[in-house]
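Notes for the one structure printed next.
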Amino acid sequence: HAPEDLSDLLQNVKFQSSNFENILTWESGPEGTPDTVYSIEYKTYGESDWVAKKGCQRITRKFCNLTVETGNFTELYYARVTAVSAGGWTATKMTDRFSALQHTTLKPPDVTCIPKVRSIQMIVHPTPTPIRAGDGHRLTLEEIFQDLSYRLELQVNHTYQMRLEGKQREYEFFGLTPDTEFLGTITVFVTTWFKESAPYVCRVKTLPDRTWT
Amino acid sequence: QFGPCQVKGVLPQKLWEAFWAVKDTMQAQDNITSVRLLRQEVLQNVSAAESCYLVHTLLEFYLKTVFKNYHDRTVEVRTLKSFSTLANNFVLIVSQLQPSQENEMFAIRDSAHRRFLLFRRAFKQLDMEAALTKALGEVDVLLTWMQKFYKF
């Protein structure tokens with residue numbers, strides 16, 4: 001029998017973006033069956049033509065990576081999915097207007113936590129994105145967001161927490177007790193775009209103090 | 001900091017929150033996906049000196065044409081509230097901008113004006129309803145561009 005309306009075959013067509021990796025996802029509706037096939041097109045807002053995404057034509061999976069095709073973060077994009085059921089019914093649904101700058105979320109940073117006797121050093125590594133600059137190098141989050149900063153917190157005990165914040169990459173918490181375990185959490189945040197990552201967490205133990213006393 | 005022009009007391013977060021509250025509604029009503037009013041030719045590679053003139057004319061257009069006509073046409077309270085917040089902040093910005101009228105700035109002023117005409121021509125090519133909806137749905141494009149000139 002015929003699907004009542006579009007959402008019987010196809011639902012929730014949207015972009016999911018994290019560190020500028022832009023994945024189109026969707027769900028099949030109640031009428032969707034495992035052999036329903038999906039074809040994806042995308043376009044830049046302001047242009048007329050839809051472009052078929054190679055590699056995402058008549059697929060049965062429910063996601064498609066459009067990172068490259070939506071890689072200019074000064075542009076806005078649309079994508080649409082056409083579902084064709086085994087019975088030949090079709091349904092097409094479009095995403096909302098997509099802006100990677102506005103929609104992308106930030107992944108936890110990559111950090112190296114280095115314990116010493118009375119301090120813990122933390123080195124935040126730059127976060128490459130799939131976006132390429134004019135000269136072909138992959139832009140980092142730090143290059144895209146001029147005001148990107150890091151917030152580092154060290155839980156010393158139940159009541160006391162040390163905090164450092166800044167744009168540089170190397171930090172060190174001093175004045176710690178040797179041979180003691182500490183919990184560090186590091187987040188990335190971008191004020192102008194109201195973005196904050198989930199924390200990177202490291203549990204480290206300061207080294208024993210082997211100096212003669 | 002739009003080149004020589006400085007603006008104080010405007011919090012970008014307030015503008016974004018106001019827009020995001022109505023973004024999906026406005027952009028969903030705009031089904032002309034093949035037309036973008038604030039195209040790259042309007043906003044790309046704008047020099048700091050030119051930015052003061054361009055932001056002034058764009059915001060004035062939004063106040064005198066877009067918000068005004070939209071206000072006359074809609075009764076949807078939530079939308080009106082959001083666009084009032086945006087409009088009030090645009091008034092605050094425009095009132096502080098003092099684009100220089102000196103002769104040697106003529107070429108820069110003229111370049112900004114030609115960019116604005118690109119935008120307005122595209123706006124006028126649509127019927128008023130569609131043009132208003134599209135212009136309001138593109139406030140994020142405008143805010144994104146303005147944010148480049150934001151100094152901490």
Side-chain angles (χ1 to χ4, degrees), chain A residues 6-7 12-15 17 20 41-51 69-81 92-105 131 134 139 142-150 165-168 189-196, chain B residues 1 7 10-46 48 115 118-119 121-123 125-126 130-131 133-152:
Chain A
L6 291 182
S7 53
N12 287 335
V13 177
K14 60 185 176 187
F15 278 99
S17 177
F20 291 99
E41 296 168 297
Y42 63 92
K43 74 183 270 190
T44 302
Y45 171 53
E47 289 178 15
S48 306
D49 303 330
W50 288 90
V51 181
E69 291 77 12
T70 56
N72 179 346
F73 59 77
T74 65
E75 289 287 2
L76 302 156
Y77 297 96
Y78 285 96
R80 68 183 180 191
V81 181
T92 297
K93 273 204 167 175
M94 190 169 76
T95 63
D96 288 337
R97 194 178 300 169
F98 172 70
S99 156
L101 268 180
Q102 291 177 57
H103 295 115
T104 206
T105 58
I131 295 179
L139 289 176
E142 291 78 4
E143 289 171 304
I144 294 171
F145 297 118
Q146 309 288 310
D147 66 319
L148 183 141
S149 298
Y150 305 104
E165 197 169 304
K167 299 174 87 163
Q168 74 273 20
F189 63 98
V190 178
T191 313
T192 46
W193 287 103
F194 327 108
K195 297 181 191 294
E196 181 162 348
Chain B
Q1 193 80 41
V7 172
V10 177
L11 289 176
Q13 180 147 356
K14 289 278 176 270
L15 297 172
W16 278 107
E17 280 166 4
F19 177 73
W20 279 332
V22 293
K23 169 183 183 295
D24 290 343
T25 308
M26 296 315 302
Q27 292 182 353
Q29 288 170 15
D30 176 8
N31 42 40
I32 309 173
T33 60
S34 57
V35 172
R36 172 173 163 171
L37 302 178
L38 290 165
R39 317 198 297 263
Q40 301 283 14
E41 298 90 322
V42 178
L43 296 177
Q44 208 162 40
N45 305 322
V46 173
R115 288 174 184 272
L118 280 178
F119 163 78
R121 197 172 303 132
F123 182 91
Q125 279 166 359
L126 302 172
T133 302
K134 186 169 277 297
L136 291 166
E138 289 189 11
V139 163
D140 55 354
V141 178
L142 187 57
L143 295 180
T144 301
W145 174 71
M146 289 166 67
Q147 204 149 278
K148 283 191 207 166
F149 301 93
Y150 186 85
K151 295 280 188 297
F152 286 88

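Below, read A as the first sequence line, B as the second, and so on, with proteins coming before strands; counting in each chain starts at 1.
Residues B:E138 and A:L76 have side chains not in contact (no heavy-atom distance under 4.5 Å, counting atoms from C-beta outward).
With chain A as partner, the option from B:V35, B:D24, B:I32 having the largest number of non-hydrogen pairs under 4.5 angstrom is B:V35.
Here A:R97 contributes atom CZ and B:K23 contributes atom NZ; the two are 7.5 Å apart, rounded to the nearest 0.5 Å. With rounding to the nearest 0.5 Å, the separation of CH2 in B:W16 from CD in A:Q102 is 4.0 Å.
A:Y45 touches chain B through backbone and side chain together, each having a heavy atom under 4.5 Å away. For a residue to count as touching a neighbouring chain, one of its non-hydrogen atoms must lie under 4.5 Å from one of that chain's; by this rule A:T74 touches chain B with backbone and side chain alike.
Applying the side chain to side chain contact (heavy atoms under 4.5 Å, CB included) test between A:T192 and each of B:K148, B:Q147, B:Q13 identifies B:Q147 as the sole match.
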Using the side-chain contact (heavy atoms from CB on, under 4.5 Å) rule, take A:Y77 and B:T33 through it: C-alpha gap first, then chi angles, then the decisive distance, then the call. CA-CA 9 Å; A:Y77 297 96; B:T33 60; over 6 Å; no
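Ionic pairing of B:R39 and A:E75 is not present here: no N-O contact between side-chain nitrogen and carboxylate oxygen is shorter than 4.0 angstrom.
Across A:S48 and B:S34, no two heavy atoms sit closer than the pair CA-CB, 3.7 Å.
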